[in-house]
Amino acid sequence: MTTDFYQQVYTLVAVIPHGKVLNYGMVALLLGRPRNARAVGYALNNLPYDHNIPWQRVVGKNGRYGRSTIRSLMHGRDQQIALLKDEGIEFNDNQEFILADYLWNPSAEEVSAILNGSSS
DNA sequence: ACGGTGACACCAG
DNA sequence: TCTGGTGCCACCG
């Protein structure tokens, strides 16, 4: 009983392949809201308690957290990095990684099928 | 309905 | 390159 937008975010994030990532802006774009990255973050901040969603696969634009607006995450930045490393993503000494190397790039049809198949 | 807030993104200095 | 300000849009009180 979440809003459609929340549900779409959860549905999409839930199917991000192992070892792949998406940034907030990309999620927003795939959902048809190109400038609404903030709402994506808001949705992930309100994950249901019983969620089984790979939230760690959604990262900041530069492939890391690091902007002043972000302080502490519910699970912690270090925890997220640990989880991503566990999926095979390689970080450099600055706790960054090449976003383009791991970015998930589904087609519009694929996304459409995903949203239509699971949300209703 | 309105204003404040925010797991972001982008631009300017 | 880094910091600060602005734009965006959905949610909450």
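Predicted, not measured: the structure shown is a model, and the values here were computed from it. To find a chain, count down the sequence lines: A is the first, B the second, and so on, and within it residues start at 1.
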Which residues pass the ring pair (Phe, Tyr, Trp, His ring centres under 6.0 Å) test with A:Phe5, sequence neighbours left out?
none

A:Gly60 and A:Asn23: which non-hydrogen atoms are nearest, and at how many Å?
O-CB, 3.9 Å

Distance, rounded to the nearest Å, where [X] contributes [atom1] and [N] contributes [atom2]:
X	N	atom1	atom2	result
A:Asn45	B:dA7	CG	P	6 Å
A:Gln56	B:dA7	CD	P	18 Å
A:Lys61	B:dA7	NZ	C1'	17 Å
A:Leu103	B:dA9	CG	P	12 Å
A:Leu31	C:dA10	CG	C1'	12 Å
A:Tyr24	B:dC10	OH	C1'	17 Å
A:Arg33	C:dC9	CZ	C1'	9 Å

Show me the pairs that pass side-chain hydrogen bond (donor to acceptor under 3.5 Å, both in side chains) and involve residues 26-36 of chain A, at least two apart or across chains.
none

Which pairs count as salt bridge (Lys or Arg N to Asp or Glu O under 4.0 Å) when at least one residue sits in residues 15-30 of chain A, sequence neighbours excluded?
none

By the salt bridge (Lys or Arg N to Asp or Glu O under 4.0 Å) test, which pairs, at least two apart or in different chains, include something from residues 40-57 of chain A?
A:Arg57-A:Glu87

Can a donor-acceptor pair under 3.5 Å be found between the side-chain atoms of A:Arg38 and the base atoms of B:dG6?
yes

Nearest to side-chain heavy atoms of A:Asn36, which nucleotide of B:dA7, B:dA9, C:dA10:
C:dA10

Between N or O atoms, less than 3.5 Å apart, protein on one side and nucleotides 11-13 of chain C on the other: list the pairs.
residue	atom	partner	partner atom	Å
C:dC11	OP1	A:Thr3	OG1	2.6

What pairs with A:Glu110 under salt bridge (charged side-chain N to carboxylate O under 4.0 Å, His left out), at least two apart in sequence or on another chain?
none

